Structure formats: C-alpha cells, structure tokens
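Notes follow the structure.
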Amino acid sequence: MCGIVGFIGSKNAKDVLLNGLEKLEYRGYDSAGIALLNHNEVYVVKEKGRIADLSEKVAENAFGEVGIGHTRWATHGKPSHENAHPHQSTSGRFTMVHNGVIENYSLLKEEYLKEATFISDTDTEVIVQLVEKFVEEGLNTESALRKTLSLLHGSYAISLIDKEDSQTLYAAKSKSPLLIGKGEGFNVIASDAMAALKETDQFIEIMDGEMVILTRSGVQILSAEGEEIERAAYTATIDATDIEKGTYPHYMLKEIDEQPAVTRRIIQSYQNEDGELTVEQPILDAILEADRVHIIACGTSYHAGLVGKNLIEKLAHIPVEVHVSSEFGYNMPLLSERPLFLFITQSGETADSRQVLVKVKEMGYKTLTLTNVSGSTLDREADHAMYLFAGPEIAVASTKAYTAQIAVLSILAVTLGREKGIAAAKELDLAVELGIVATAMEAMVASKELVEHIAGEFLATTRNAFFLGRSVDYFVAMEAALKLKEISYIQAEGFASGELKHGTIALIEDETPVLAIVTQENINWNIRGNVNEVLARGANACVFAMEGLEQPEDRLVIPHVHPLLTSLASVIPCQLLAYYAALHRECDVDKPRNLAKSVTVE
Ligand code: M6R
C-alpha cells in the first residue's frame, strides 16, 4: 500500500508530484505529503486526509526541481500529521518517503539510534535516521543508504533527497513496487506507471535489493553490492485516458459498465486466426503435467478462484483446491506429488499472495499467475502468466477484474478440457457462450434504476444483510457480501443457503434483508425453500433469478447464459446493489475507509 512518486528535472516538481499522487491515491489515502528541494532548502508539507486536502495546503509559490511525494495507508502509527510522510532525519538534511513494512525497526532503533529523537511512530523514520547516522560517521550518502538498506528486514520502496545535493534523487526497493520513468532532461520514480504517464511512457524496472541514483539526465541502477546494472526501458502500454473517470461520478460505476466490453476484449485476445480460443501450449503442458491445481488468492480474486475451481473441475476434470493466500503460506496442507500453483491477482502486487509464490518456488513447484497488470511482481516472478485485458481498475472495490478473471479461467478450463478430450469441453462453444454473457451483462448494467430502487428499499438503513446461494451462486453470494461491506459498511455475509438453518438463521429478525441468487436449475427449489424459511421469520427477502427459473415475486431476472458462466452475469446486479447502497448511505464509493487498492503488506 502507500504510493510514492519522485521527480528530478528542470521544472517545478510540485505539479508532477501532486498529479502523480492523485493517480496513486487508490493505494492509500490516510494522509499525504510532499518535499521539494530548492537550492539546499527543503520545503515539506503534509496533511492528514486526501491529496485534495494536501494540495490546498501546498503554498502557491512552493518550488523545487527535485521532489518526493507520498500517499499513505497506515501500518505503523495511526493516520496523523506526525505519521504522514515525508519523514526527516534529526538535522533535517535527509528527507524520505517509504512504502512497505520494516520488521526489525525496533531492533534497529535500539541498536543504532538510542540518542536520536523520533517525532513519529513510523518505521520509516528509523530508515532516514540511520542514513544520517552513517553519514555522520563518515560515509557519503550513497554508501550510507547502501549500509542502511543492508540492515533492513521486511519490504520497502523508498525515495530519499539530500538537502546538500540538489543534483541527485535516491531510490531503492525490496518486495514493494517501484519503477523508474525515463524522460528527456528529467527522471521520475513511481509506485505505479500510472503516476508518471503524464510525463513519460518509458519505464525501467527496479529489482528487489537494487538501489537507484537519478540525476536530471542519468539513471544509475546499482546492485546491493554497488555494481552497476544495465537495463533497457520499455514502453508502457496503458492508455492515459483509461485512468480517467470521464463523465462517471465514480470509477466503480465506470468499471461496472465496462464489463461487457472487457468480456468481448478477452474473447478476442485469446482467439487464434481461426477464431478458436487458445492458451499458450507451455501453460497447458505445465497444468496437464500437474496432478492438482492450487489456486492462491485474496478477497475478490479468491471468490473468482472458487468459480474457477468449478470450471476447471467440470470442463477439464483436474482437481483444484482454492486457498486464501494469507492462510496457505503459514499452514500448508498436505501437497500432492506434482501440484501447480495458480495465483489470481488483479494487481499482481498482493503481498499475501507473493509470500506463497516465494515459498512454493523455493519448494520447486510450477507457478502460473493470472493478473491484470503485466510487469507486476507476481507476473514477473511466476513461471507462466496469463492476462485479464481488463484495463486499469482504479476503484478499491474490484468489479471488472472479477468477471475478467472468471472469463479467462473459463478459457483456461475449456482449452485444458479439449487437450484431454473431455466431452463437456469439446461440446462447448465458449467464444459464442461468452458473447452471450457479454450481451447479458449489457442488460444487467442497464438495470441500474431497478437496482438503485432495491438498494433503497432493502439496504438504505439496515445494520446487516445476508446473501444466499447454492453451488456457484454461493460463491457469488460471498462476493456480493464482500462488495457490500467494503463500500457501504453494512455487515454482510454470503451463505450457502442450506447451511443457514444450522445456526445463522438465529440472526434473522423482522426486516433483516436477505437476498437470494438463483441461477442453477438443480437447486432452484431448494434455495426457494430456504428463502421461505427466512420469510417465515420476518426477513425482508428478495430473489434475483435466471431467466427460465424466475417466479412472479422475483425482483430481478438475469438473462439466460450457460449454467457454468452464470456468475459473470449474476454478480453485476450485486455490484450495483453495493454501489447504490453506498450512495444511499453517503459513503465514499471509490475510497472506502481503512482500505487501499493494492495490498502490498502482509
Ligand atoms: O490485486 P488482488 O486481486 O491480489 O487483490 C486482492 C484483494 O485485495 C482484492 O480483491 C480486494 O478484496 C478488493 N478490494 C475487493 O473488492
């Protein structure tokens, strides 16, 4: 979490930093700050709250051709002015921004910095104080930073300015994302290319353990031992207009609306010249050689993984287990002889998933990442990668990435099944079925008025809500509940509806909202039985049903799609429900409290 941007050039860094931070705000929005270096004077301004609050506080005439900026998601110390970045060493010579978690910061403080005065509760202040200490002991800034980095345990992306040197900007990274943006007569560093796209489309990766020294015209990448590393720049393919809201009031609504187009883009991206859906042969071979697939993911990506298991098992007859990343790494189940690990991650930066990737790679297992962000950490570090082609997802609440993940997993499942000669896969014209899904999605995104009304009726004032489903609808119920709680702060749970009577039904009171999703014929009557049970106990119940299964009292009918692909359509009214519930309750839809888009700490 947290976003970093830094600039060195021959214009005012202020605007570059504020514009960059705005683009990085999805990474954290507890507090923000910038530092500008101008002729050996450092101007630091920071503010609790959003980038807009910071911008108001920055003096109009603030100037510096070198600068660093930060938007924070608190890990050490509460969100406050004191804990906001940048942080400075005692003398004020060094100023630093940092993303990540330094696990041994208390030990370092105790061992090296007994005499130093600390202003904040952050681990970052320890890093910047260490640099100053080693400079005071006689090292130059580069060596002092190198020595400091060698002592750190944990994750970091940092940028540092030295008041006595306005020709240099320092940066380093380990396990937290950071990129160099290369320009003519200037250079930038940023946690995400999006923050620097206005300045350049040329980027250079920084690898873990490396340190970077930027001047206006030069980029020097150094290994932990100080050896120079040559690395070519690549051209970023993100379209700057993709990261704008356009006429939409919120990114979330824009991203919900993009789902039919994303589904069609996925079909095209995975089609060969003959119009057949294909996946690279080495990926298929790696999975076919495995005796079990372990899907590793968090949050919404985990929910997509549950649907993916269903697809791969039904269409390719390969056993699949789905695990929450943060649990798997520290309590591994008994593994089969030849497992393959499939990481599902929109951002490709999620630390919980990455810790599993690192462990299973050490154990010698094959890995595949399914991500939306080419060049991200999990993309680079896995043996194989597949992409979502969903375009940048900015809203914290994931929507189009979820449906893109399921669509790509369906393509993977069907191509695996075909390789194995499984009839269910051979008989399925997936390109056509996904096209039908895209049309159904269009109908669902057009149901805004109805869903807004339902959200007002069921969710405007409630304390809690329940989503019910069975089989694949249960997985969508879990996703619907996550979406609702994360942006509307309503306590919501997704249940396998048959399980309600085993305890949870005790929570049903008069007017408790219960929303049931019904898309599978074989469980239609079971789930309706469960809905009757909660109605009998006073619940305010409502059913979203697939065309062909609907009953007169159902509130929303989902156009018919292939039974294995229903989640792609049924999730959309649930996303809209969460969106409108959040609006009814005047919540900040795109930046819900306590959250950040990219979760880069464990
Ligand atoms: O980038 P990832 O897919 O790895 O992120 C995983 C979760 O943090 C993410 O899906 C989160 O649950 C979303 N905010 C849910 O809307």
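For clarity, every value in this text was computed on a predicted model and none was experimentally measured. When a residue number appears, it is its place in the shown sequence, counting from 1.
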**Steps toward side-chain contact (heavy atoms from CB on, under 4.5 Å) verdict (Glu393, Leu388)** = CA-CA 11 Å; Glu393 192 182 63; Leu388 300 181; over 6 Å; no

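- The side-chain contact (heavy atoms from CB on, under 4.5 Å) test with Leu368 is passed by exactly one of Ile295, Leu412, Ile344, Val293: Leu412.
- Within the structure, the side chain to side chain donor-acceptor pair (under 3.5 Å) test picks out no pair touching residues 506-515 (sequence neighbours left out).
- A donor-acceptor contact shorter than 3.5 Å links the side chain of Asp291 to the backbone of Arg338.
- The OG atom of Ser410 sits 12.0 Å away from the CG atom of Asn310 when rounded to the nearest 0.5 Å.
- Side-chain N or O atoms of Trp73 include one that pairs as donor or acceptor with a backbone N or O of Asn594 at under 3.5 Å.
- Checked by atom type and distance alone, the side chain of Lys254 never pairs as donor or acceptor with a backbone atom of Gly246 at under 3.5 Å.
- Residue Asn522 holds its CG atom at 11.0 Å from CD1 of Ile527, rounded to the nearest 0.5 Å.
- The backbone N or O of Val358 sits nowhere less than 3.5 Å from a side-chain atom of Glu381 that would complete a donor-acceptor pair.
- Classification of Arg265 and Glu258 as a salt-bridged pair fails, no side-chain N sitting under 4.0 Å from a carboxylate O.
- A distance-only check finds no donor-acceptor pair linking the side chain of His250 to the backbone of Met252 [under 3.5 Å].
- For the atom pair CG of Leu549 and CG of Asp554, the computed distance is 9.0 Å after rounding to the nearest 0.5 Å.
- Using modelled atom types, no side-chain atom of Asp473 and backbone atom of Leu468 make a donor-acceptor pair closer than 3.5 Å.
- A donor-acceptor pair is defined here as one N or O able to donate and one able to accept, closer than 3.5 Å; such a pair exists between the side chain of Glu547 and the backbone of His560.
- When all heavy atoms are compared, the tightest approach of Gly391 to Asn372 is O-ND2, 2.9 Å.
- Between the side chain of Glu550 and the backbone N or O of Gly548 there is at least one donor-acceptor pair closer than 3.5 Å.
- Stacking of Arg585 on the aromatic ring of Tyr489 is not recorded, the 6.0 Å distance cut-off and the 45° axial limit not both being met.
- Taking OG of Ser325 as the reference point, atom CG of Asp352 lies at 6.0 Å (rounded to 0.5 Å).
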**Asked** Stepwise, does the side chain to side chain donor-acceptor pair (under 3.5 Å) test hold for Gln405 with Ser301?
**Response** CA-CA 8 Å; Gln405 286 162 346; Ser301 297; 3.0 Å; yes

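- Judged purely by distance below 3.5 Å, without hydrogens or angles, the side chains of Thr566 and Gln520 pair a donor atom with an acceptor atom.
- No side-chain donor-acceptor contact under 3.5 Å links Arg72 and Asn83.
- Side-chain contact, Thr369 with Asp379: no donor N or O sits under 3.5 Å from an acceptor N or O.
- For the pairing with Gln575, the side-chain hydrogen bond (donor to acceptor under 3.5 Å, both in side chains) check across Glu479, Lys483, Glu255, Gln259 returns one residue only, Gln259.
- Side-chain contact, Tyr248 with Asp257: a donor N or O sits under 3.5 Å from an acceptor N or O.
- The pair Glu457-Arg555 counts as a salt bridge, with a side-chain nitrogen and a carboxylate oxygen less than 4.0 angstrom apart.
- To the nearest 0.5 angstrom, Leu595 atom CG is 5.0 Å from Tyr29 atom OH.
- A salt bridge links Lys591 to Glu25: one of the charged nitrogens lies within less than 4.0 Å of a carboxylate oxygen.
- Aromatic ring pairs are classed by plane angle as parallel below 30°, tilted from 30° to 60° and perpendicular above 60°; the pair Phe328 and Phe341 is perpendicular.
- In this structure, Phe389 and Tyr270 have perpendicular ring planes: the angle between them is above 60°, well past the 30° mark.
- For the residue pair Asn272 / Thr278, no side-chain donor-acceptor distance below 3.5 Å is found, with atom types taken as modelled.
- Ring orientation note: the planes of Phe495 and Phe466 are tilted relative to one another, at an angle of 30° to 60°.
- Relative to the six-membered ring of Tyr365, Lys359 misses at least one condition, a distance below 6.0 Å or an angle of at most 45° to the axis.
- Between the side chain of Asn524 and the backbone N or O of Glu521, no donor-acceptor pair lies under 3.5 Å.
- With values rounded to the nearest 0.5 angstrom, Leu577 atom CG is found 9.5 Å from Leu556 atom CG.
- Of the possible donor and acceptor atoms, none in the side chain of Ser353 sits under 3.5 Å from a partner among the backbone N and O of Glu349.
- Between Glu313 and Lys309 a salt bridge is recorded (basic side-chain N to carboxylate O distance below 4.0 Å).
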